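Note that the coordinates shown come from a computational prediction; the quantities given were computed from them, not determined experimentally. The sequence lines fix the lettering, A, B, ..., with proteins before strands; numbering per chain opens at 1.
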Amino acid sequence: MTDSRSSISPVDLAGWPRTEEEAVAEQVRLRPLVEAFGAVPPSAKGQGRGGERVLVAGVDVAYDDENDIVAAAAVLLDLHTLEVVEEATAVGRIAFPYVPGLLAFRELPAVIDALAALGRVPDLVVCDGYGLAHPRRLGLASHLGVLTGLRTLGVAKTPFTFSHQLPGAERGEWTPLVDDTTGEEVGRAVRTRAGVKPVFVSVGHRIGLAEAVDCVLALTPRYRLPETTRRADSLCRRALAELAGKPAEGVGRLVAESVGRSVPAF
DNA sequence: GCGACAG
DNA sequence: ATCTTGTCGC
């Protein structure tokens, strides 16, 4: 047993929220289950010793609103070499409209399907968006963590409703991301590349904020965004493009593809 | 009431 | 997210 879960189960769409009220109620129910502490993975096994590599998954989704289709991708990387170990995609119908604060209900069903299609369970999942930095402290990264038991963190490209001072220009410098309604630090604005706009990192589940920032810096040797995010973004767009013209009916909610050990050039 | 608002 | 021209830089 490598993690608290040895496999990932798809969500039951029959019980998925259909209204904003139901969605908010679900966030309030899950919020107390978030664990905002934990070391850089893996903490369950031997700290990366003995040749055991740390597997980090990047997830992202792309939409075709015209045809009501969503394509998700999960790309597994070795945290130390940043090599792609495995990748998987899943497609389905869009499960919820885009509502700021309720993004998880739109993205998670497809994201979890893609993660479930991987042959291995990631030690950490990097999400495109927020975790605890959320009006009700349950952004998509935290939501995904609570639903699957996986360790997660969020990396967003904009400050959402929070405030921050610009961090120093050097890579690695950061400032707190603050919720002005409570004064608490909900994340950090992190400079992943010298002289380039910062990204916004927050805790998802089972990891501390400082540890989450360390992981993000390890995943950004060259670009502003983590390699996990870049890889997943590229893959889900390709997966969506391959569905060109196909009607939403029939797409259902099928795992479209699962490719092991591929290292695509992009 | 109005604007802002992760992706 | 998605649409969408040209442009600067490695």
Should the pair [X]-[Y] be classified as a salt bridge under the 4.0 Å nitrogen-to-oxygen rule?
X         : Y         : result
Glu170(A) : Arg191(A) : no
Arg231(A) : Asp60(A)  : no
Asp65(A)  : Arg106(A) : yes

Do any N or O atoms of the protein come closer than 3.5 Å to N or O atoms of nucleotides 2-10 of chain C, and which pairs are they?
{"residue": "dT2(C)", "atom": "OP1", "partner": "Tyr63(A)", "partner atom": "N", "Å": "3.4"}

Reckon Lys157(A) has a side-chain N or O less than 4.0 Å from the OP1 or OP2 of dG7(B)?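 It does, given that an N or O in the side chain of Lys157(A) lies less than 4.0 Å from OP1 or OP2 of dG7(B).
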(Q) Tell me whether the side-chain N/O atoms of Thr158(A) come closer than 4.0 Å to OP1 or OP2 in dG7(B). (A)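 For dG7(B), OP1 or OP2 has a side-chain N or O of Thr158(A) closer than 4.0 Å.
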Specify the separation, in whole Å, of atom [atom1] of [X] and atom [atom2] of [N].
X         : N      : atom1 : atom2 : answer
Leu103(A) : dG7(B) : CG    : P     : 8 Å
His143(A) : dA6(B) : NE2   : C1'   : 15 Å
Tyr130(A) : dC5(B) : OH    : P     : 12 Å
Leu177(A) : dA6(B) : CG    : P     : 13 Å
Phe200(A) : dA6(B) : CZ    : C1'   : 11 Å
Asp179(A) : dC5(B) : CG    : C1'   : 14 Å

Review point. How are the rings of Phe162(A) and Tyr130(A) set relative to one another: parallel (under 30°), tilted (30 to 60°) or perpendicular (over 60°)?
Key: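 The arrangement is perpendicular - the two ring planes meet at more than 60°.
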(Q) Is it true that Glu107(A) and Tyr98(A) share a donor-acceptor pair across their side chains at a distance under 3.5 Å? (A)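 No - no donor-acceptor pair under 3.5 Å links their side chains.
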*Rounded to the nearest 0.5 Å, what separation is found between the CG atom of Leu153(A) and the CZ atom of Arg206(A)?*
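One finds 12.5 Å between CG of Leu153(A) and CZ of Arg206(A).
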For this session: Side chain of His134(A) only, please: which of dC5(B), dG7(B), dA6(B) is the nearest?
Result: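 My answer, after comparing the listed nucleotides, is dA6(B).
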- Message: Taking any heavy-atom pair under 4.0 Å as a contact, classify Gly154(A): base, sugar-phosphate, or nothing.
- Response: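 If one applies the 4.0 Å heavy-atom cut-off, Gly154(A) turns out to touch nothing in the nucleic acid.
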Margin query: Regarding Leu102(A), tell me which of base, sugar-phosphate or nothing describes its non-hydrogen contacts under 4.0 Å with the strands shown.
Written below: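 If one applies the 4.0 Å heavy-atom cut-off, Leu102(A) turns out to touch a base.
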